[in-house]
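Data block below; observations after.
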Number of protein chains: 4
Amino acid sequence: MRRGQGEEGARTGRPRDGRVDASILAATREVLAETGYVRLTVDAVAARAGVGKAAIYRRHATKQEMVFAATVHTMALEAPADTGSFVTDLAALIDDILATLGNPVALVTVPGLLADVIADADLTARFRGTFMERQRDLVEEVLDRAVGRGELDERPELDLVHAMLVGPVFAWLFMMGRRDGDVFARELASRLAVALTGGGSGFPS
Amino acid sequence: MRRGQGEEGARTGRPRDGRVDASILAATREVLAETGYVRLTVDAVAARAGVGKAAIYRRHATKQEMVFAATVHTMALEAPADTGSFVTDLAALIDDILATLGNPVALVTVPGLLADVIADADLTARFRGTFMERQRDLVEEVLDRAVGRGELDERPELDLVHAMLVGPVFAWLFMMGRRDGDVFARELASRLAVALTGGGSGFPS
Amino acid sequence: MRRGQGEEGARTGRPRDGRVDASILAATREVLAETGYVRLTVDAVAARAGVGKAAIYRRHATKQEMVFAATVHTMALEAPADTGSFVTDLAALIDDILATLGNPVALVTVPGLLADVIADADLTARFRGTFMERQRDLVEEVLDRAVGRGELDERPELDLVHAMLVGPVFAWLFMMGRRDGDVFARELASRLAVALTGGGSGFPS
Amino acid sequence: MRRGQGEEGARTGRPRDGRVDASILAATREVLAETGYVRLTVDAVAARAGVGKAAIYRRHATKQEMVFAATVHTMALEAPADTGSFVTDLAALIDDILATLGNPVALVTVPGLLADVIADADLTARFRGTFMERQRDLVEEVLDRAVGRGELDERPELDLVHAMLVGPVFAWLFMMGRRDGDVFARELASRLAVALTGGGSGFPS
DNA sequence: GTTTAAGCGAGACGGTACGTCCTGTCTTAAC
DNA sequence: GTTAAGACAGGACGTACCGTCTCGCTTAAAC
């Protein structure tokens, strides 16, 4: 019987060893860093973690879920501090997204994992309900602040803005293969601020 | 010898049968449409095409290259007609990209293929040298026209604009899973026109 | 690790399932009986045995070794009872060899398997070290008995006698394609007794 | 259309090139000598012969027939001269058979070819009708001479004697893997003479 | 303290796809 | 119509990975 991690039941018997959970996730990230998502195998993760495959499948229904747990769940973006202006708020958010998708493990994981997530309805729901939802909330927060400051008249369509933020970062990293993100992030934030406020500023000079 | 289409040599012997090339690519697209990229198998393509596996591997070194040839090579965007204004040019280009990435076959192919392309240096080079390069040229064309019309003072960084065009479309389709592209495309074009011209216009009302 | 039956090590983990060993060998014999050695495929054996191909290749490095294990290893001749005279001992031994090489499975297996065994140094060594060696021991036993009885003055060269026993049976079955072995076996025994004792008897009348 | 080598037809057009026939058979023997029957491929023979595969298949229906033609047809035993006594006639015949089966090409060809011949009814008929029949005739000749000389009272069953001659040679070479044939041949002839004459002689001392 | 139930590492299991290789047929251009 | 070259359909090979299951053992809570 498979048992989700948070459920009840399993009242007797030997409890799960928390160190096993941790070493599986750590090994997953190590193997990802070494071989990339496409070439990662569960056996390699088990061997690296010093763990049996059963211990992995007791915790994660599929390889995809394992990688999902090892990467997406740690991609929790923190709420960006209020930097005082829309454009700098945007820049901070973009930096966050760039850090999330552009770190060495994510670089070799995100496209493959995304493909498998999309091919699985269950994972898609979880992906959208956690990672995307969280990101969307941050976008909303930043937009609401700008409205509050009077920088925006009204909040634009959330998904559109979301796509305009995360999409270019993804394209920059995975379609163009560029690794020089800093200038890009700054410039993107500036352009998006213009796009959304309908003209004017950009970064304060 | 592998993949000899463009090479010289092989001057004698039975020439490749062009109908085999075509039926492999057609079968690939059919199987993709039915099963998606992740569940496509070479045997299924061979059976569907009425072809031996050797005929496939004589043309395509791996399954990935086969799918690449069957999809990316047919994604050749046509040069967008001059619609008279920057914003409508942008809208036309976005519509093109949306049609390329959002048609039924692409929807079940692009994420998986992209993942495998990125994991393979050779395919990455070909992907960038053909599909991305072509797209980039179109972006350049549209920007140059706008400069010529006086709508832009100078041409912004090409890759940045490219990422701001294709990225949101990708995110909309594959991260958010949305299939209602028309309004999105119109709105995106409008916002990007603002972002790049530094304010003002948007669609003519 | 390949073929670990007799080796130490591999002390942990799930042990090999003896029923799988048995069903592979049984299925091999069934498929042999139906299709013959040349047309036997590993997939057919796996399907018939209800077993994955990996389970087969975990036990047998090649198709040849699998068939070898399924046939030669079961061809263990039993030690012939002392029948009281050289000629009847010989007849019994020849009957045994005839039964070993002439049963329905062996008839469609032996020539092809022998060819592949000879083409593989490893299998040749195993074939000689088990099947041939065992047979040779029986020949020796029968000869020694005859010496003990005074029917032979001294033991003739063992390999020569061995070849004169098994060779004609092989030729009869596989070169001449004859299936009427009983009279042949009796006559052969009689002639060989004469050849080895240097004249005289033959079967008691 | 396939066309047996000896048939008429093919009245017009370019005549077959006799050098092609010869080079195919020569190449077959060369490749056999190098790789053995089991690992011989038709492509290798074609390449070695500097010939297209079609030229081979126009002459030989299958790989087996090609090897058959290249080897068995050249194994034509010559009629043994009358050496004056049964035992020396037998020795000469055995030497012939040993030379036929024990030469370098035959050593790596006979078992595999025999296996394929047996698996094919057509080839079996040809094999028996030519090679075996011819051999059998020689056995008959030698026996008849012995009867004529008064060394034998009556001619024993031909197939039995045939099996007792060729079988041990085959076993010696291919089952026991022995390559020291001379003493073996002499001893075998002597023993068989005893077996068939019912005692007595053997080689004249 | 014993019992019990589940966890554990190891690795065998059924299944499926891969990419390679070989056979016997077919197709081209050259002769 | 034959030739050399080589593409063709078909099908088996042996490898690799997935997710499940089984072995003997360990570990903590329940009794």
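In what follows, chains carry the letters A, B, and so on, assigned in the order in which the sequence lines appear, proteins first and then strands, with residues in each chain numbered from 1.
- Heavy-atom distances to DNA chain F give each of B:Ala49 and C:Arg39 a nearest nucleotide, and the one nearer the 5′ end belongs to B:Ala49.
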Distances for protein N or O near nucleotides 25-28 of chain F N or O, under 3.5 Å:
from, atom 1, to, atom 2, distance (Å)
F:dT26, O2, A:Arg14, NH1, 2.8

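- Atoms OH (C:Tyr37) and C1' (F:dC13) sit 13 Å apart, rounded to a whole Å.
- The nearest whole Å value for the distance from the CZ atom in A:Arg16 to the C1' atom in E:dA5 is 14 Å.
- Comment: A:Arg48 engages A:Glu34 in a salt bridge, judged by a side-chain N to carboxylate O separation of less than 4.0 angstrom.
- Here the closest non-hydrogen pair linking D:Val38 and C:Ala115 is CG2-O, 4.0 Å.
- For the pair D:Leu40 and B:Lys63, nearest-nucleotide mapping onto DNA chain E gives the more 5' position to B:Lys63.
- Closest to the side chain of A:Arg59, from the set F:dC13, F:dT20, E:dC8, is E:dC8.
- Across the protein-nucleic acid pair, C:Ile24 atom CD1 and E:dA12 atom P stand 13 Å apart, rounded to whole Å.
- Mapping C:Gln64 and B:Gly18 onto DNA chain F by nearest heavy atom places B:Gly18 closer to the 5' end of the strand.
- Close to F:dT20, at under 4.0 Å from its OP1 or OP2, lies no side-chain N or O of A:Tyr57.
- Here the side chain of C:Asp17 is nearest to one of E:dC13, E:dG9, F:dG19, namely E:dC13.
- Atom pair C:Arg19:CZ and E:dG14:C1' shows a separation of 14 Å (rounding to whole Å applied).
- Salt-bridge annotation for C:Arg59 and C:Asp21: present, with a side-chain N of the basic residue lying under 4.0 Å from a carboxylate O of the acidic one.
- Of all nucleotides listed (F:dA9, E:dG15, E:dC8), F:dA9 comes nearest to the side chain of B:Val51.
- Relative to the ring axis of A:Tyr57, A:Lys63 does not place its NZ or CZ within 45° and under 6.0 Å from the centre.
- Nearest to the side chain of C:Thr12, among E:dG11, F:dT20, E:dT27, sits E:dG11.
- The backbone N or O of D:Leu32 sits nowhere less than 3.5 Å from a side-chain atom of D:Thr35 that would complete a donor-acceptor pair.
- Distance check: B:Glu65 CD to B:Ile56 CD1 gives 13.5 Å after rounding to the nearest 0.5 Å.
- Judged by atom type and distance alone, A:Lys53 reaches the base of F:dG19 through a side-chain donor-acceptor pair under 3.5 Å.
- The side chain of A:Ala55 approaches E:dC8 more closely than any other nucleotide in the set F:dT15, E:dC8, E:dT25.
- With rounding to whole Å, D:His60 atom NE2 is found 17 Å from E:dT25 atom C1'.
- In this structure, A:Asp116 atom CG and F:dC18 atom C1' are separated by 12 Å, rounded to whole Å.
- If you check every strand for non-hydrogen atoms under 4.0 Å, A:Ala46 touches nothing.
- Proximity note for B:Thr41 (side chain, C-beta onward) versus F:dA5, E:dA17, E:dC21: the nearest is E:dA17.
- Evaluation of the salt bridge (Lys or Arg N to Asp or Glu O under 4.0 Å) rule for D:Arg29 yields no partner, not counting sequence neighbours.
- Taking all atoms of both residues into account, the shortest heavy-atom contact from A:Val45 to A:Leu40 is CG2-CD1, 3.9 Å.
- Rounded to whole Å, atom P of F:dT3 lies 11 Å from atom CD1 of D:Ile56.
- Looking at the side chain of C:Val20, the nearest of the listed nucleotides E:dC18, F:dC13, E:dC13 is E:dC13.
- Between A:Arg58 atom CZ and E:dA6 atom C1' there is a gap of 8 Å when expressed in whole angstrom units.
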